[in-house]
Amino acid sequence: MNEESLREKEGSKTPVSFIEQFIIDDLKEGKNNRRIHTRFPPEPNGYLHIGHAKAICLDFGMAQKYGGKCNLRFDDTNPVKEEVEYIDSIKEDIHWLGFDWEELEFYASDYFGKLFDFAVDLIRRGLAYVDDQPAEVISAQKGTPSQPGVESPFRTRSITENLDLFERMNKGEFDEGSRVLRARIDMTSPNMHMRDPIIYRIIKAAHHRTGEAWKVYPMYDFAHGQSDYFEGVTHSLCTLEFEVHRPLYDWLIDQLKKDDYRPRQIEFNRLNLSYTMMSKRRLLELVQEGKVSGWDDPRMPTLCGLRRRGYTPESIRRFIDLIGYTKFEAINDVSLLEHAVREDLNLRAPRVFGVLNPLKAIITNYPEGKVENVTIINNPEDESMGKREVPFSREVYIEQEDFMENPPHKFFRLAPGMEVRLKGAYIIKCTGVKKSENTNTIEEVYCTYDPDTRSGGHASEKKVKGTLHWVSAQHATDAEVRLYDRLFNHEDPAGQKEKDYREFLNPGSLKILKGCKLEPSLKSARPLDKFQFQRLGYFCVDYDSNEGSLVFNRTVPLRDTWARINK
RNA sequence: UGCUCCGUGGUGUAAUUGGCAACACGUCUGACUCUGGAUCAGAAAAGUUCAGGUUCGAGCCCUGACGGAGCAACCA
């Protein structure tokens, strides 16, 4: 980034995060040749969720804004936890979100050779040693956060012996767990991570990329910073829990670096969303235990889940923009995410008629067999989306909730003797109901219409309190509609000391409605097509859908002040 | 009990580096409306965890409390 364009960025009034400020300062000071280079480093052990989206937007976003590059690097240092299946999904999700790493696709496993050489170098300089003690002993010697550790009896082993042992560890001569390589730093450090951290362990599982080539694998701390260094990364952005790792990150870079260049680790707050849970391990449990239908269950906070639910990448990026990056571990309200989709879909989603809980209304004075096409505006927010014709006839479906025999005060819908407009068509008046003999439930309502009130017609200015959506019964197409609510009924389901998160699963998080009636134009809708069902919410065609049997997911309901009043 | 980090309306973030605490979501009014949506206009809501100190002046600097989070995988 040159000085001129940097000054330009500075001139803009929009506040920048503390991270962006660091980047600006580093650029101004001329660090690393005025270069910015970031990386997004997922471990391929699960699907990306919206928390990763926060990191992706930062990593790719900063590089983009300041004329830099962003690498996609798979942090694949633990062959027993990682699978190729995840790599493809991760790439797909990043692209879907709207970012591109171009040719910069890397793997920590690409550096196993260099990392091994660096470890050997540390041994030669007396900065690493092979420890023969079992895990429990090493762990006990580490001390506790408030008590210093004690040194391993193997700490003073000769360089020659260490070199020999480390080579043989990698040849597979020793069992898993029998020996590790440790950095020799300081067993009394107040920082636990500096107490001779383990940097290599023996794992005899096949790696998805390097196969059987290695028997020893580097730990996260020994791979991450060095990978940054090898790739020329300048700003290594990660979440707050790695803050205490930074001294080790810097220590290792100090041993590795040969000139002025050095990557800098900066930590920000991870995303916590109310009523949801972000831990990959627990999300995997939900999938494995069948609590959800899969990683892409529309109730999951995964990117594939949100996509299936009907969220747009724009809305997710917008949400992340709204919450910002700080060092305060906050719980962000899901309603802000919902606001972001509504804001986006309001501008883009065509409005259609869909009746979720149908009730047949018969317009007794409308000629039998007659069909009129009424013209409906596709999106009042965007004239360019045009208009369409919707068939109207003597029998229509309306929403059960839109009719009450004995309505309360301020009920602006249909009730005996009351008038409402059927949107885009006529004003109707309820004249009676038909109830079932035994259960007393309402089966049909009878109405009359006023032929002068057709929308756009000469007497169409007549005002009524309510406007209902409707679908012509003989033209309707049936559909299944899946309604979603929050997966958990606790604000912080995973953060409760005494209780397992499973106890907070919301039993009503999925409601399946069958026999919903949709306007005929929806027959040709394809998976992921998004609509606003007028007066109800935003809906998206599910993958399970096909021309013969439509399936819709409710992304989010519309704001509903009437429902709020009646709570 | 050690170390590291963090405390600003209900929630999440700002405050151009010490100068009238601002924005968004949410909430509540009112207008408009053939979506109880959207849009528009407005309101309530924090004196910045607390106590000292420096200063003409502190959310910002200093000291000390209090509160929260993280750190003791051969996970990342």
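This is a predicted model, so every value here is computed, not measured. Order of the sequence lines sets the chain letters (A, B, ...), proteins ahead of strands, with each chain counted from 1. Just the heavy atoms: all of them, side chains too, but no hydrogens, waters or symmetry mates, feed the values below.
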Ignoring backbone atoms, establish whether [X] has a side-chain N or O less than 4.0 Å from OP1 or OP2 of [N].
X	N	value
A/S335	B/G26	no
A/R559	B/A38	yes
A/S139	B/C74	no
A/R201	B/C75	yes
A/R535	B/G36	yes

Once you apply a heavy-atom cut-off of 4.0 Å, does [X] come out as touching a base, just sugar-phosphate, or nothing?
X	answer
A/I198	base
A/K81	base
A/F411	base
A/Q534	base
A/K410	base
A/H224	nothing
A/R281	nothing
A/F242	base

key: salt bridge (Lys or Arg N to Asp or Glu O under 4.0 Å), paired with A/D196, selected from A/R155, A/R184, A/K142   =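 The passing option is A/R155.
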Tell me whether the centres of the aromatic rings in [X] and [Y] are closer together than 6.0 Å.
X	Y	value
A/F531	A/Y538	no
A/F268	A/F18	no
A/F118	A/F222	yes
A/F106	A/F230	no

query = Can you find a heavy atom in the side chain of A/E167 that is under 4.5 Å from one in the side chain of A/E173?
reply = no
Once you round it to whole Å, what is the distance between [atom2] of [N] and [atom1] of [X]?
X	N	atom1	atom2	value
A/F319	B/U13	CZ	C1'	12 Å
A/K327	B/A14	NZ	P	13 Å
A/L271	B/U11	CG	C1'	14 Å
A/R318	B/A24	CZ	P	10 Å
A/E176	B/C75	CD	C1'	14 Å

query = Is there a donor-acceptor contact under 3.5 Å linking the side chains of A/D76 and A/H208?
reply = yes
Which residue lies more 5' along RNA chain B, comparing A/E343 with A/N78 via nearest heavy atoms = A/E343
key: Residue whose nearest RNA chain B nucleotide is more 5′ - A/Y220 or A/G424   =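 The 5'-side residue here is A/G424.
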From C-beta outward on [X], which listed nucleotide comes closest to its side chain: [options]?
X	options	result
A/W562	B/C75, B/G36, B/G2	B/G36
A/T467	B/U1, B/C25, B/U35	B/U35
A/P190	B/G7, B/C74, B/C3	B/C3
A/T77	B/C74, B/A76, B/C6	B/A76
A/R564	B/G36, B/C5, B/U27	B/U27

inquiry  = Using 0.5 Å steps for rounding, measure from the OH atom of A/Y200 to the CH2 atom of A/W214.
reply    = 6.5 Å
query = Any stacking of A/F412 on B/G36, going by centres under 5.5 angstrom and planes within less than 30 degrees?
reply = yes
inquiry  = Please give me the minimum heavy-atom distance between A/R39 and A/D228, naming the atom from each residue.
reply    =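 That closest heavy-atom pairing would be CD-OD1, 3.2 Å.
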Watson-Crick or G-U pairs under 3.5 Å in RNA chain B, rendered as dot-bracket with [ ] for crossing pairs and | for another strand = .((((((..((((.....[..)))).(((((.......))))).....(((((..]....))))))))))).....
Chi-angle category of B/A73 [syn within 90° of 0, anti beyond] =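 This nucleotide is in syn.
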message = Taking syn as a glycosidic torsion within 90° of 0 and anything else as anti, which one is B/U8?
response =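 Nucleotide B/U8 adopts anti.
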key: Presence of donor-acceptor pair under 3.5 Å, side chain of A/H193 and base of B/A72   = no
task = Determine the interatomic distance between C1' on B/A58 and the same-named atom on B/A21; round to the nearest Å.
result = 12 Å
